[in-house]
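Proteins get letters first, then strands, A, B, ... in listed order; numbering begins at 1 in each. The structure presented is a predicted model; accordingly, all values stated were derived computationally and were not measured. Side chains included, hydrogens not; waters and symmetry mates left out as well; all remaining heavy atoms used.
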2 protein chains.
Amino acid sequence: MNDLKKDNTEEKILIAAQNVFIEKGMDGARMQAIADEAGINKALLHYYFRTKEKLFNAIFIKVFSQIFPNLMTMVLSDLPLEEKLGAFVETYIDMLQKNPFLPTFILKEMNRNPDFLASVIKGSGVNPQEISNMFKKEMEAGKIKRMDPREVLINIIALSIFPIAAGPLISVMFFENDKTAYNEFIEKRKKTITEFVLDSILLK
Amino acid sequence: MNDLKKDNTEEKILIAAQNVFIEKGMDGARMQAIADEAGINKALLHYYFRTKEKLFNAIFIKVFSQIFPNLMTMVLSDLPLEEKLGAFVETYIDMLQKNPFLPTFILKEMNRNPDFLASVIKGSGVNPQEISNMFKKEMEAGKIKRMDPREVLINIIALSIFPIAAGPLISVMFFENDKTAYNEFIEKRKKTITEFVLDSILLK
DNA sequence: TCTAATTTTGACCAATTGGTTAAATTAAAC
DNA sequence: GTTTAATTTAACCAATTGGTCAAAATTAGA
């Protein structure tokens, strides 16, 4: 058997499936559309991934690992908090700009199967405890205000994700659907989110 | 013709459709499921709303008006900013707790038809300009920091909506899927979001 | 009460969709 | 080169789904 050929087809399928699933969701995605985008026969799709659900699960796992990128390495770096936060927000929003449908996809499909979600999180290597500990240390060092460290993290993520997930809405409501103006707004947020958070948590 | 009966059936359909659409989305929703939930025949569904798309559009408009509740009246009240913000966050999160699928529904289905989205927003009576002006006045009065007023509003909404939209994720990652602990967390946020925002924007 | 309009229903339909199968093609093993 | 196994394809299938239709039931109006 030629591994090269097999890997190639499988890879093509995974890329195509990710595109279609992220845009249309599980229910809106069509196996035929995925086959077309991969440039293969629909039967071949079922040859590699027996059912739509199995293919979807594979994609969900793959996508989930992308949404929490080098988050952990950043948190564990020994940069000062200000720079750490700035770097995180910037690369995170960068990634979201390239994959604007990603947040909504996760948020929507997350509710499909709670047990599966739990297993995906466990397998993803994301360790919120470690991030919380990082913030706790900064609190004990008197650098930032005492508060629930989970809340700090969730606030940062919320401020980063929401304006992209709600892009079309914000674009229409605040920028008369001018995409350039909206993109500039998001671009600026790479800096202002950090300021906003630091102004709130830093002990002056 | 008996208006009472007609209104009753139509109302039953609208309620059932809202439940099904919000949980399953446009693609995942089944006309049969809506008919069942409304306790009527599927043909009757098509008698009142000719197509699935027409029914969906009616629901989207209805739901959209719920997600920005008495927002405008709150903004226009002459309470001091601190109380205004506190009241908004509290009632807003209250509403979201009762309709946890609502944000994801809007975020997902928003991309289906941009023109329709724009028309819905225009018709919804939400006026972001007026809210921006309110923040601008507070800036000119030297009460809060000078910044893009749109950003203030979006940050408040992001901090309120995201932790509910991402509920299952947060529940698993931070609370070992303990719903009670998660709910307490959200409950506390009714206060802490306000503090978080005020700490950041207030001029001390 | 009788009639016309409206509302409700059950049976039905065409199109779509996920999935199968058997045959054909390609690659690997000997 | 022949055989064997893996990959790819075209044709097909059963189930689901949005939607229709004609008849039945209910209501309104005279």
Side-chain angles (χ1 to χ4, degrees), chain A residues 1-63 105 108-109 111-113 116, chain B residues 1-63 105 108-109 111-113 116:
Chain A
M1 147 181 67
N2 186 349
D3 269 351
L4 207 74
K5 190 171 193 179
K6 184 176 181 181
D7 285 358
N8 201 329
T9 315
E10 199 168 325
E11 187 62 21
K12 280 196 304 186
I13 291 176
L14 285 171
I15 292 169
Q18 173 162 342
N19 289 339
V20 175
F21 273 133
I22 283 188
E23 195 183 327
K24 307 274 188 180
M26 167 67 163
D27 293 324
R30 297 286 157 251
M31 291 301 265
Q32 187 61 60
I34 295 172
D36 291 348
E37 176 130 348
I40 59 163
N41 192 284
K42 190 176 59 141
L44 193 54
L45 209 54
H46 284 92
Y47 175 75
Y48 277 89
F49 300 85
R50 283 221 325 285
T51 66
K52 187 184 183 184
E53 201 188 336
K54 281 190 206 307
L55 177 56
F56 174 82
N57 285 351
I59 297 299
F60 189 87
I61 292 170
K62 190 181 162 221
V63 163
F105 170 75
K108 178 86 214 298
E109 308 300 343
N111 299 292
R112 186 171 292 277
N113 187 344
F116 177 60
Chain B
M1 148 180 64
N2 186 347
D3 269 351
L4 206 75
K5 190 170 192 179
K6 183 176 183 181
D7 286 356
N8 201 330
T9 314
E10 200 167 323
E11 186 64 21
K12 278 195 305 184
I13 292 177
L14 286 171
I15 292 169
Q18 173 162 343
N19 289 339
V20 175
F21 273 131
I22 284 188
E23 194 183 328
K24 307 273 187 181
M26 167 67 164
D27 294 323
R30 298 286 155 252
M31 291 300 266
Q32 187 60 61
I34 295 173
D36 290 349
E37 176 129 351
I40 59 162
N41 191 285
K42 191 176 57 141
L44 195 53
L45 209 53
H46 287 276
Y47 175 76
Y48 278 89
F49 300 84
R50 283 220 324 284
T51 66
K52 187 184 182 183
E53 202 188 334
K54 281 191 206 307
L55 178 56
F56 173 82
N57 286 351
I59 296 300
F60 189 87
I61 293 170
K62 190 180 164 221
V63 163
F105 170 75
K108 178 87 215 298
E109 308 299 346
N111 299 291
R112 183 171 294 275
N113 187 344
F116 176 60

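- When the nearest nucleotides of DNA chain C are assigned to Gln32(A) and Ala43(A) by heavy-atom distance, the more 5′-ward of the two goes with Gln32(A).
- Look at Tyr47(A) and you won't find any side-chain N or O under 4.0 angstrom from OP1 or OP2 of dT20(C).
- Considering only side-chain atoms of Asn41(B), the nucleotide from dG10(C), dG19(C), dT7(C) that sits closest is dG10(C).
- Looking at heavy-atom distances under 4.0 Å, Ala29(B) makes contact with sugar-phosphate atoms alone, never a base.
- Considering CZ of Phe60(A) and CZ of Phe105(A), their distance stands at 6.5 Å, rounded to 0.5 Å.
- Taking 4.5 Å as the limit, every side-chain heavy atom of Phe116(A) sits out of range of all side-chain heavy atoms of Arg112(A).
- In summary, Arg30(A) and Asp27(B) do not engage in a salt bridge, as defined by a charged side-chain N under 4.0 Å from a carboxylate O.
- Checking the phosphate oxygens (OP1, OP2) of dT8(D), a side-chain nitrogen or oxygen of Thr9(A) falls inside 4.0 Å.
- In this structure, CG of Asp27(B) is placed 10 Å from P of dG18(D), rounded to the nearest angstrom.
- Asn8(A) has its CG atom 16 Å from the P atom of dT26(C), to the nearest Å.
- Thr51(A) places none of its side-chain heavy atoms less than 4.5 Å from the side chain of His46(A).
- For the pair His46(A) NE2 and dC12(D) P, the interatomic distance rounds to 19 Å; values are reported in whole Å.
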(Q) Run Glu11(B) and Ile15(B) through side-chain contact (heavy atoms from CB on, under 4.5 Å) and show every step you take. (A) CA-CA 6 Å; Glu11(B) 186 64 21; Ile15(B) 292 169; 3.9 Å; yes

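- Counting any heavy atom pair closer than 4.0 Å across all strands shown, Ala33(A) reaches no nucleic acid atom.
- Atoms CZ (Phe49(B)) and C1' (dT7(C)) sit 15 Å apart, rounded to a whole Å.
- Nucleotide dG19(D) holds its P atom 11 Å from the CD1 atom of Ile34(B), rounded to whole Å.
- Distances from the side chain of Met31(B) to the nucleotides dG18(D), dG10(C), dG18(C) place dG18(D) closest.
- A distance of 4.0 Å separates CE of Met31(A) from CG of Leu45(A), quoted to the nearest 0.5 Å.
- For residues 17-26 of chain A, proximity to DNA chain D is found at no residue, defined as any non-hydrogen atom under 4.0 angstrom from a strand atom.
- Between Phe21(A) and Ile34(A), some side-chain heavy-atom pair lies under the 4.5 Å cut-off.
- Side-chain nitrogen and oxygen atoms of Arg30(B) include none within less than 4.0 Å of the OP1 or OP2 phosphate oxygen of dT16(D).
- Contact annotation: side chain of Lys52(B) to base of dG19(D), donor-acceptor pair absent below 3.5 Å.
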